[in-house]
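The structure under discussion appears below in the form of C-alpha cells.
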There are 2 protein chains.
Amino acid sequence: MKQDTSGSRPTPTLEMVAALAGVSRATVSRVVNDVPSVDEDIAAKVRQAILAVNYTPNRAARSLASRRPNSVTLIVPESTSKVFADPFFASVVQGVALYLADTDYTLNMVIASEAKPEKTRAFLLGGNVAGALVVSHHAGDRSWTHLSDYIPMVFAGRPLGESASYYVDVDNEAAAAGATRVLIESGRTNIATIAGPQDMPPGIDRVNGWRAAMAEAGLDDSRVEYGDFTLASGAKAMRRLLGSGKPVDGVFVANDQMAAGAYTVLQERGLRIPEDVAVVGFDDDSFATSVNPQLTTVHHPIIEMGKKMAEILVDLIEGKDTARVTQIPTSLVIRESV
Amino acid sequence: MKQDTSGSRPTPTLEMVAALAGVSRATVSRVVNDVPSVDEDIAAKVRQAILAVNYTPNRAARSLASRRPNSVTLIVPESTSKVFADPFFASVVQGVALYLADTDYTLNMVIASEAKPEKTRAFLLGGNVAGALVVSHHAGDRSWTHLSDYIPMVFAGRPLGESASYYVDVDNEAAAAGATRVLIESGRTNIATIAGPQDMPPGIDRVNGWRAAMAEAGLDDSRVEYGDFTLASGAKAMRRLLGSGKPVDGVFVANDQMAAGAYTVLQERGLRIPEDVAVVGFDDDSFATSVNPQLTTVHHPIIEMGKKMAEILVDLIEGKDTARVTQIPTSLVIRESV
DNA sequence: TTGTACGCGTTATCAT
DNA sequence: ATGATAACGCGTACAA
C-alpha cells in the first residue's frame, strides 16, 4: 500500500485551502462549519478550493480544538456470543449506523469485557466519547446505568426495575395483545401462549399482553408455557402444551424463533397450520418467512429502534431535552399462519 | 447526566499528572508510552500519580501529535440488510473487536452507503483512519480493493477474480472434500450436493471440494443442485434432487441453513436422517444444532477469522510484512446426521 | 535519563 | 465579515 514515491502530496489541511483561496484559515473553518456570516462570494471560492485540493477535515484536530469528542460508542456485552448470534443486535447496529451517517459523529464499538470492566469505564469516562449506546439482547441489562451520570447514554429496551435511564422500546404488551386479538377474531377460543423468560422485560410484557387480550374477550388464560426465546425451547413448550390435556386451537408465541420450534412439533404431530391450530409470532425476523406456512407476526422495527436510539443520544449530547422513554410503533404482519 | 455542580473537576491531563509527580510532561508521556529509558523509581511515582488523578490519555490529542490515526474502520456494505441478518457478519465483528481490545486501536463502523460512496471514500482517505476491514457476507466483493493503494485493507474471504488484496479465509475446497469423505466413509455411494451460488467463492470452492472427493473415490458426481444459501433454497434443491429419479443416500450441503431446508423436505417425505439419507453441512452455525437430528458439519471459525483479520491489519499498519492470504483451519463436527 | 520547546490541524476569542 | 493568534493535549526532536 501507500505508494510513497516522491511526489505523494500530504493530506490537505485547512491551511492549504486557505492559501489557495486567498483567505485566512479562520474563514475556511467558518465555511466548513457552515457559519452563516460568511460572504457568499468568498464562501464559493473557498468551497472551490476545498474541492480542488480534496480537503477533508482532520477529526482529531477538530475534536481537540473544539474540546468535544466526535464519536459515540456502542457497548456490547461480551458475555453473550449470543448477543452477536442475535439478529436483533445486528439490526440495531444498522439503524444506529444509518442515523449517525448523517451526523458528524462516528460510531465506534467496544465489546465490554467483563474481565476488565474498568477498561471500558475508563474509555467511556476518559472524555474520548460523546455518548454511549447500550444494547444487550432482549434483556434489561442495566449494569451501565450509573455511567449516565457522567455521559449521555441510551439503552435498548425497557429496564427491569426502576431506572432513570433513557431508552427506546416497543410497546410489547400492547403489541402482544393486538397479536392475540387476531387469534381471537379468527374464532379461536382455546388460545395458548408460549412465553419468554420472566426475567426479561419482553418476556414479561408479552405474556401480560396476551393475558389482557384474553381477559378482555372473556377467555381462559391458563394455557401458558415458558421458553427462553430459542427454537428448541419453543418446540418443547409446544410439546407440553399439546400434552397438557387441554385443547389448543391457537397459540401466541413470544418470538418467531420459538414459533418456528412450535411449528416443528405441530407438524410432526400432523396438525395443520392454521386449520388445526393457528400461530402468531413476534418480531418478524427471518424465521417468520423461512417457515411454512409463513408466519403471521408482530413486526418489530428494530432498525428504527437503532435510528431512534442514535437520534436521542445525539439530542442528549447536544443538550436538547428529550423524553426518557420513547416507544416505537409496531405493526401486525398478516401472513398464512392464522 | 453530567452533574456539573461547581466542583466537577476537568478531565485530567498529562500536565496535571506531571505536576503531581513532580516531573515534566515529557516524562509522563514516556511512562504512558512505555518508553524503556525511564528511571524505574520515577516511573513508579508517575504511575501512582496517574492512578491518583485517574488519568486517561486524550486520544484526539495523541493522534494529532503523533500524526497517525488510532482507529480502524469496519466497512459494511449497505445493500444488504442481509449482511446484518447474517450471523457471519456478527461473528467477524466480534472477532475483530476482541482482537482490537488489546491494542490501542479503536474500532469504528461505517455502513457504506452506495448512495454516496464518495463520502465513505473521503472518510477513509482523509487520513482519519489507520486501516480498514471489509466484510461483505460470503461474497467476494472487492469494490474497495483499489483503496488498498492508499491505506491498509484486509478483506474477509477470497476475492472472485485476481486481486492483490490481503484477505483471510478458510480453505473451503479442502474442508468440503473432508466433509464429503465422511459421507463416503459411512458407506454411502449415491452422494449428492446442494451447492451455493456459483458467483461466490464459497459457492464455487465447496462444490469443487465435493467433486474432488467424489472423483477420488470413483463415485458419480452428477447429483448437483444449486441454492442461494437460504433455507428456502435448500428445501427446493432437495426437492429437485429427490425428484430427479436418481437415488440419493447422502448429501453434502454447502451451508447449514440450506441443510436445515433440506431437512424439512426429507422429513416431510418420511425419509429418515441419517438412516435413509445422511446429511453433512457447512458453517456450524446455530442452524446446525437447532435442527433434529443435530447436523454433522464443518466448523467455520468465524470469530477466529475476525481476530486474524484485525491482527493482519494491525501488522500492515505498523509496517510489518505479512502474507497476502491466510487460511484459518477448519474442523469437522460430528453430530447425528451421518 | 530528563527537560525544553516546538508542532500537529482545528476551533474560538478578540480585534479590526 | 474577516483575520491574527492563542489555546486544545500530547509526541518528540533536541538539548542538557
Side-chain angles (χ1 to χ4, degrees), chain A residues 9-47 49-50 53-71 104 106 122-123 125-130, chain B residues 9-47 49-50 53-71 104 106 122-123 125-130:
Chain A
R9 55 261 121 84
T11 34
T13 71
L14 250 195
E15 176 91 53
M16 299 173 52
V17 176
L20 184 62
V23 299
S24 73
R25 294 174 316 182
T27 299
V28 177
S29 176
R30 292 187 185 104
V31 172
V32 168
N33 295 300
D34 288 313
V35 175
S37 72
V38 251
D39 182 278
E40 186 47 47
D41 289 347
I42 297 199
K45 208 160 30 176
V46 170
R47 273 188 267 272
I50 288 178
V53 303
N54 198 358
Y55 168 75
T56 308
N58 181 310
R59 312 194 91 240
R62 215 198 255 251
S63 165
L64 186 58
S66 64
R67 294 155 230 267
R68 62 177 151 261
N70 46 25
S71 69
D104 275 333
T106 245
F123 176 69
L125 265 36
N128 292 302
V129 160
Chain B
R9 56 264 121 86
T11 35
T13 72
L14 254 194
E15 176 92 53
M16 299 173 53
V17 176
L20 184 62
V23 299
S24 74
R25 298 179 329 200
T27 299
V28 178
S29 175
R30 291 186 186 104
V31 172
V32 169
N33 295 299
D34 286 315
V35 174
S37 71
V38 252
D39 182 279
E40 187 46 46
D41 289 347
I42 298 201
K45 206 159 35 175
V46 170
R47 273 189 267 272
I50 288 179
V53 302
N54 197 356
Y55 168 75
T56 308
N58 180 309
R59 312 194 93 239
R62 214 199 255 250
S63 165
L64 188 57
S66 65
R67 295 149 217 277
R68 60 179 154 262
N70 46 24
S71 69
D104 275 333
T106 246
F123 176 69
L125 266 36
N128 293 304
V129 160

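In what follows, chains carry the letters A, B, and so on, assigned in the order in which the sequence lines appear, proteins first and then strands, with residues in each chain numbered from 1. It should be emphasised that the depicted structure is a prediction, and the values quoted were computed from it without experimental measurement. Computation of the quantities below employed the complete heavy-atom set of this structure, encompassing side-chain atoms and omitting hydrogens, waters and symmetry-equivalent molecules.
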So that I can tick it off, tell me whether A:Glu40 and A:Arg47 are bridged by a salt bridge, with the cut-off set at under 4.0 angstrom between side-chain N and carboxylate O. yes
For nucleotides 9-13 of chain D, tabulate all protein N/O to nucleotide N/O atom pairs closer than 3.5 Å, reporting atom names and distance.
unit_1: D:dC10; atom_1: OP1; unit_2: B:Tyr55; atom_2: OH; d: 2.5
unit_1: D:dC10; atom_1: OP1; unit_2: B:Asn58; atom_2: N; d: 3.3
unit_1: D:dC10; atom_1: OP2; unit_2: B:Leu14; atom_2: N; d: 2.5
unit_1: D:dC10; atom_1: N4; unit_2: B:Arg25; atom_2: NH2; d: 3.4
unit_1: D:dG11; atom_1: OP1; unit_2: B:Asn33; atom_2: ND2; d: 3.3
unit_1: D:dG11; atom_1: OP2; unit_2: B:Ser29; atom_2: OG; d: 2.8
unit_1: D:dG11; atom_1: O6; unit_2: B:Arg25; atom_2: NH2; d: 3.2
unit_1: D:dT12; atom_1: OP1; unit_2: B:Arg68; atom_2: NH2; d: 3.4

Classify the side-chain pair B:Arg30/B:Ser37 by whether it contains a donor and acceptor separated by less than 3.5 Å. no
Can you name the residues that form a side-chain contact (heavy atoms from CB on, under 4.5 Å) with A:Pro57, not counting sequence neighbours? A:Val32, A:Tyr55, A:Arg62
Chain B footprint on DNA chain C, 5' to 3' - any atom under 4.0 Å from a heavy atom: C:dT1 to C:dG9
Correct closest heavy-atom pair for A:Asn128 and A:Ser71 would be O-OG, 3.5 Å
In the structure I gave you, are the side-chain heavy atoms of B:Val17 and B:Ile50 within less than 4.5 Å of one another anywhere? yes
Could you tell me whether the side chain of B:Asp39 and the main chain of B:Asp41 form a donor-acceptor pair under 3.5 Å? yes
Rounded distance (nearest 0.5 Å) linking atom CG of A:Leu125 with atom OG1 of B:Thr56: 8.0 Å
I want to check something: taking the side chain as every heavy atom from C-beta on, are A:Met16 and A:Thr13 in contact at a cut-off of under 4.5 Å? yes
A:Thr27 side chain near D:dG3 phosphate (N/O to OP1/OP2, under 4.0 Å): yes
